[in-house]
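Counting starts at 1 for both ligands and their atoms, following the listed order.
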Amino acid sequence: MDGRYEPVESPDETTVFPYHDLTPPTTADVARARKVVSRHLPETPLVRSETLSAALDADVYLKREDTLPTGAFKVRGGVNLVASLDPEFRERGLIAASSGNHGLSVAWAGREFDVPVTIGVPEKANAGKVAAMERLGADVVSYGPDYDTAREHIESLAVENGKRYVHSGNEPKLLSGVGTAGLEIVEELPEVDRLYCPIGGGTSAVGYCLTVGALTDADVVGVQSAAAPAMYRAYHEDTLEPHDRMETSAEGVATRVPFALTMGVLRDGLADLQLVSEDAIHESVARLFVEERIVMEGACGTSVAAALRAGDDIAGETVVIPVSGRNIDRAKLDAALADYDGVA
Ligand SMILES: *Cc1c(COP(=O)(O)O)cnc(C)c1O
């Protein structure tokens, strides 16, 4: 094999290959991605939340990314990346490591474009997400106790088999594809004042910074769990060091290693990056189910929790919260509901 399948020096603690062009995407790249994404995926509804609007005395809108076919926003990026895949990889296939929704995105896009897909998951991955990946035809490899162990295994497989390693953050095509959600918001609700975005690896926040942040007067505010604050620390302390703590139960925002490409955009693009507690996340998930019958993952509970905490500070504003995904593990939803003391 030639050097194309050997890792190159990485700007962060993750592995990148020579085909990872780490040039940050622009707003124009998102506009280009829109043409591709709109051929394969529907636009998602932007719906006023009556309960959150009343609670906050604000106009709160939910961007229903949970209505996409994989149940999460990431498929926008997968479609954009696989649509322009280098022909040499169409037969070799794609390989990725994922706790769930990134893998589902790559699996969905692989099926759409007829490219074989291998996904590495940690042994205790969300069973529903694993079953969904297999249903889409992906070859799922369970490996190791946590995401990073699975990721390292997949990265070494990519060196051996020459498949296209789809990194979960250092991929301009994923970022510009994911950004198409923000263009939809700009068109429908240009008066938006503030958007709260959950942050795991930071791809969706980059998408919103390049669109809602760049094209309107809105502030894009990132939110992480206090139990997994790697990107929070990267943003506030200007470092790309991995964090030693990652204890959130919300796997969509369970990041230990900050990514160079996303952080590079977020440093200037975000108005702020905040932390919320695990309790506040669980309460938000339960609240949206009880009050609106919306099923959301803990990952989006972060944004709801940050908006609720802001209280009077955002009264009178037009606020958008993406429902980034609905693939919550049944036991986690049950536990959040059992702890919730609001009335059903
Ligand atoms: C991946 C994910 C996030 C976090 O997105 P990043 O782009 O990794 O920051 C939030 N919510 C859900 C449901 C996710 O799957």
Side-chain angles (χ1 to χ4, degrees), residues 14 25 44 62-68 70-78 80-81 96-108 119 121 125-126 128-129 132-133 147 151 166-182 195-210 220-225 228-232 234-235 246 248-259 261-263 265-266 269-270 273 276 281 284-285 288 294-306 321-329 332-333:
T14 66
T44 61
L62 299 174
K63 177 67 170 162
R64 300 293 304 273
E65 296 290 279
D66 56 309
T67 63
L68 286 164
T70 56
F73 73 91
K74 287 190 179 76
V75 67
R76 294 174 182 270
N80 193 43
L81 184 141
S98 170
S99 57
N101 287 333
H102 173 54
L104 272 173
S105 153
V106 175
W108 197 91
I119 306 292
V121 300
N126 175 325
K129 289 178 177 172
M133 288 182 223
Y147 168 74
R151 175 176 61 78
V166 188
H167 194 287
S168 56
N170 289 335
E171 296 278 6
K173 292 276 181 185
L174 289 190
L175 303 181
S176 51
V178 159
T180 57
L195 184 144
Y196 286 102
C197 181
I199 294 196
T203 69
S204 102
V206 166
Y208 287 123
C209 287
L210 294 176
V220 178
V221 177
V223 192
Q224 271 206 306
S225 164
M231 293 290 276
Y232 174 85
Y235 177 81
M246 197 204 67
T248 179
S249 69
E251 70 268 15
V253 291
T255 314
R256 207 173 59 78
V257 186
F259 301 143
L261 184 62
T262 54
M263 205 19 87
V265 178
L266 297 181
L270 287 180
L273 204 167
V276 292
I281 292 171
S284 297
V285 168
L288 266 282
I294 289 174
V295 175
M296 59 165 59
E297 294 183 40
C300 13
T302 58
S303 304
V304 175
I321 299 173
V323 181
S324 51
R326 63 171 147 82
N327 301 320
I328 188 170
D329 180 70
K332 286 181 189 171
L333 178 60

[atom]: nearest protein contact (heavy atom, Å):
atom: atom 3 (C) of ligand 1; value: Gly252 O, 3.4 Å
atom: atom 11 (N) of ligand 1; value: Ser324 OG, 2.7 Å
atom: atom 5 (O) of ligand 1; value: Phe73 CZ, 3.4 Å

Distance, nearest 0.5 Å, that separates CZ of Phe73 from OG1 of Thr180: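 One finds 11.0 Å between CZ of Phe73 and OG1 of Thr180.
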CD1-CD distance between Ile281 and Gln224, expressed to the nearest 0.5 angstrom: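 CD of Gln224 is found 9.5 Å from CD1 of Ile281.
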Does any N/O atom on [X] come nearer than 3.5 Å to any N/O atom on ligand 1?
X: Gly200; answer: yes
X: Ile199; answer: no
X: Gly201; answer: yes
X: Lys74; answer: yes

Given Glu297, Glu251, Arg326, the one that forms side-chain hydrogen bond (donor to acceptor under 3.5 Å, both in side chains) with Asn101: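 Running side-chain hydrogen bond (donor to acceptor under 3.5 Å, both in side chains) over Glu297, Glu251, Arg326 with Asn101 returns exactly one hit, Glu297.
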Against heavy atoms of [X], which atoms of ligand 1 measure under 4.0 Å?
X: Thr203; value: 6 (P), 7 (O), 9 (O)
X: Asn101; value: 13 (C), 14 (C), 15 (O)
X: Glu297; value: 13 (C)
X: Gly325; value: 13 (C)

Gly202 touching ligand 1 at heavy-atom level, < 4.0 angstrom: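 Flag set, Gly202 near ligand 1.
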Closest non-hydrogen atom pair, Ala181 against Tyr208: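 Minimum heavy-atom separation between Ala181 and Tyr208: CB-OH, 3.7 Å.
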Chi angles and distances behind the side-chain contact (heavy atoms from CB on, under 4.5 Å) call for Val221, Leu273: CA-CA 6 Å; Val221 177; Leu273 204 167; over 6 Å; no
Any side-chain heavy-atom pair of Tyr147 and Val121 under 4.5 Å: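 When only atoms from C-beta onward are counted, Val121 and Tyr147 do not touch, as no gap falls below 4.5 Å.
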Pair Arg76-Glu65, side-chain contact (heavy atoms from CB on, under 4.5 Å): steps then yes or no: CA-CA 10 Å; Arg76 294 174 182 270; Glu65 296 290 279; 2.7 Å; yes
Leu174 backbone acceptor or donor facing Asn80 side chain under 3.5 Å: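 Checking the backbone N and O of Leu174 against the side chain of Asn80, no donor-acceptor pair under 3.5 Å is found.
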